[in-house]
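Written below as structure tokens is the structure these notes are about.
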Amino acid sequence: MTDGDERPAGAAASGDEQPVTVPRDGDDTVGHPSATGTDDPGQGAPPNGGPSVKDDNVAGDPGPAAAPNGAPAAENGNVAGDLGPAGDAGSAGRPASEPGPQPHPPGHQVTAPGVHPFVAVGERPARRWRLWAVLGLVLVLVACGVPGVLLLGLVRDAAGRPAADREDRGTAAERQLRARMEAQLDRQAAALLDGDRAGFLAVAEPAARPALTRRYAALRALRVTAWRPVADGVPAAADRPGEWRLTVTVGYCFVVPGCTPSSVELGTRWRVAGEAEPLLTAVEESRGTPAGARPWEVSDLAVAVGKRAVVATTPALRGKLPGLLAQAEAAATVADLYAVAAPPPDRYLVYYAGRAEWQRWYGGGRPKWTAGYAVGVGGGHHDVVLNAQSLTPGGVDDLLRHELTHAASLPDGGYADRSSWWLVEGLAEYAGADGQPVDRYEGLAEARKLVRGGWNGRLDALAPADDASDDRVGGAYGIGYLAVHHLVDRFGEQRVLDFFRAVVHERLSMAEAADEVFGEPWSGLHDDCVAYLRAVAG
């Protein structure tokens, strides 16, 4: 199920970035074997002098990022990453050593500005030999008290609040201090986009620089093309004299200079001494915003860039990047067909998480059976995360098709309620199956088991509980798939996509959407779908 996030012209990556291998922290996945051996440190960086990486020549792309020494060749894109503390020429370099934050516990509540509290809910479990994908959902209590579903991407405008809407209730001195801090953030943004690591770190005190060095390297590996910090309100005095807090919303883009930015809200801490420029003492991870800490905030990253997809992982797992990128590129061509209300995403961003990262990225706390999820990050973008510990070699392709279809088909603001869960997940399963016959669908056994016992025959009550058994959740996905497949057989893919758009994007009821799109009452269509799936799976 779902979960719950530019470089301007002239900022192309160049020879100023000399990649090195980053010393690994205790968070890295080396030594933690997965079901497929993906955490084997022997699959990390090959020796220096490894094959070069073929440039993908992405349209509008400012140029290839530097590949780490010995990085494996990526047939369909550029592999970047391991751009550690010594990532730029002229910088002395230091190990990235800031301690990692603890992931949120399951059920951790956070609140977005202007949004009711929510908690992450049921993801998707494993069949006996294949883990389910997940489009991570969150519940929000609407005014009438009925649970509704809200994607994690419902955050503030990606470029920050317009100046007229900002909280300007502070004193003149506080507003002046905010302006000084924003000027420092603007200098840092310009340095990031220009590939000037020294300039990026210059606005911070020495103690804050190791953490910022890691962040700089990860953002450069992801080919950041826009970084637009905007202060929210005015600074607030911290607990120590001369220290201040300022919340900042950053709009950012990767690879594509002209994208609609994603956004993230960050807490910053500053030290102010007289008339000297304020200096950053810390940038807190975005654990308080809807999507949780992005991977580039807390981890070293190795990155591969293709024409339609970007794949990132930890340095220990970068040997997986070429194969994952090829699979993501193939999945993207399928997912592009399900962009129902807007053009397909400019790039699909896929993160491949090791053991520690799975518990840390985007707040962690996923059910143990989760193999992957998609999370909205604003600007029409959904990041996809795969669990390296749970994947089997044969399960990656359909998992990617499923999750990238979520990223292509879902609106930024999520969908109205859980009664449409079967449609959202059924469409993603339909795309994941990629045209195979129904009798070869891998979840047919689980669907049959659920149809024969325990299901009340209502599609609008199909969504599984967060603590449901693997068979129960697998069966729910299978029933959603069969229902969507039957509608496609009757009406064709385009009309089913129109129905999806009416329900999920336009928020019409099933009855209204069926009447408008199919010209038939939903009650009859519902019963017809149930009769079909009972005949197939019963």
Side-chain angles (χ1 to χ4, degrees), residues 1-2 121-137 149 338 367 369-371 395 398-399 401-403 405-406 409-410 415 417-491 493 496-497 499-500 503-504 510-511 513-514 518 522-538:
M1 220 177 74
T2 42
V121 299
E123 276 98 345
R124 202 165 102 167
R127 298 186 176 117
R128 288 182 178 83
W129 57 274
R130 185 177 80 91
L131 265 290
W132 284 91
V134 175
L135 172 63
L137 296 177
V149 178
Y338 298 94
W369 34 254
T370 306
D398 60 339
L399 173 62
R401 287 191 294 266
H402 180 110
E403 296 301 345
T405 295
H406 281 319
S409 64
L410 284 167
Y415 56 97
D417 58 57
R418 286 171 67 86
S419 68
S420 55
W421 180 94
W422 69 272
L423 179 60
V424 171
E425 296 301 332
L427 182 69
E429 282 292 276
Y430 178 82
D434 197 25
Q436 68 181 353
V438 169
D439 60 5
R440 294 181 57 193
Y441 173 65
E442 296 165 356
L444 199 57
E446 287 93 339
R448 181 175 293 115
K449 183 175 181 179
L450 184 56
V451 167
R452 290 176 176 176
W455 179 49
N456 64 6
R458 299 296 309 173
L459 292 175
D460 58 7
L462 188 61
D466 198 32
D467 60 352
S469 68
D470 289 1
D471 283 347
R472 170 63 178 85
V473 183
Y477 276 83
I479 289 175
Y481 160 78
L482 291 171
V484 168
H485 196 288
H486 182 59
L487 290 175
V488 170
D489 283 347
R490 281 199 58 182
F491 299 104
E493 283 191 3
V496 171
L497 292 179
F499 180 67
F500 184 98
V503 172
V504 178
M510 294 283 176
F518 300 133
W522 173 241
S523 59
L525 287 175
H526 177 279
D527 292 346
D528 182 52
C529 286
V530 173
Y532 165 78
L533 62 92
R534 287 194 187 279
V536 171

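These figures come from a predicted structure and were not determined experimentally. In what follows, every heavy atom counts, from backbone to side chain, and hydrogens, waters and symmetry copies are set aside.
When all heavy atoms are compared, the tightest approach of Leu450 to Gly475 is CD2-C, 3.6 Å. Closest approach of Tyr338 and Leu497 over heavy atoms only: CD2-CD2, 3.8 Å. Across every non-hydrogen atom of Phe500 and Val424, the tightest pair is CE1-CA, 3.8 Å. For the residue pair Thr405 and Ala428, the shortest heavy atom distance occurs at CG2-CA, 4.1 Å. Ala461 approaches Asn456 most closely through the heavy-atom pair CB-ND2, 3.8 Å.
With values rounded to the nearest 0.5 angstrom, Leu423 atom CG is found 9.0 Å from Ser409 atom OG. A distance of 12.5 Å separates SG in Cys529 from CZ in Arg534, rounded to the nearest 0.5 Å. Atom CG of Leu482 sits about 11.0 Å away from atom CG of Leu487, to the nearest 0.5 Å. Atom-to-atom distance recorded for Leu444:CG and Arg448:CZ is 4.5 Å, nearest 0.5 angstrom. Here CZ of Phe491 is found 8.0 Å from NE2 of His486. Values are rounded to the nearest 0.5 Å. Atom CD1 of Ile479 and atom CG of Leu459 lie 8.0 Å apart (nearest 0.5 Å).
Side-chain contact between Asp528 and Arg490: present, with at least one pair of heavy atoms (C-beta onward) separated by less than 4.5 Å. Within the 4.5 Å cutoff, side-chain heavy atoms of Arg401 are placed close to those of Asp398. A heavy-atom distance below 4.5 Å is not found between the side chains of Val536 and Tyr441. At least one side-chain heavy atom of His526 sits under 4.5 Å from a side-chain heavy atom of Val530. Val438 is listed as a side-chain neighbour of Tyr481, based on a closest heavy-atom distance under 4.5 Å.
Judged by distance alone, the side chain of Arg418 and the main-chain N or O of Pro464 form a donor-acceptor pair under 3.5 Å. With hydrogens and angles ignored, the 3.5 Å screen pairs a side-chain donor or acceptor of Ser469 with a backbone N or O of Arg472.
Between the side chains of Asp489 and His485, at least one donor N or O lies within less than 3.5 Å of an accepting N or O.
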Run the side-chain contact (heavy atoms from CB on, under 4.5 Å) test on Glu429 and Val484 for me, step by step, so that the C-alpha distance in whole Å, both residues' side-chain angles and the decisive distance to 0.1 Å come before the verdict. CA-CA 9 Å; Glu429 282 292 276; Val484 168; over 6 Å; no
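In this pair, Trp422 and Phe499 present their aromatic rings tilted. The plane angle is within the 30 to 60° band.
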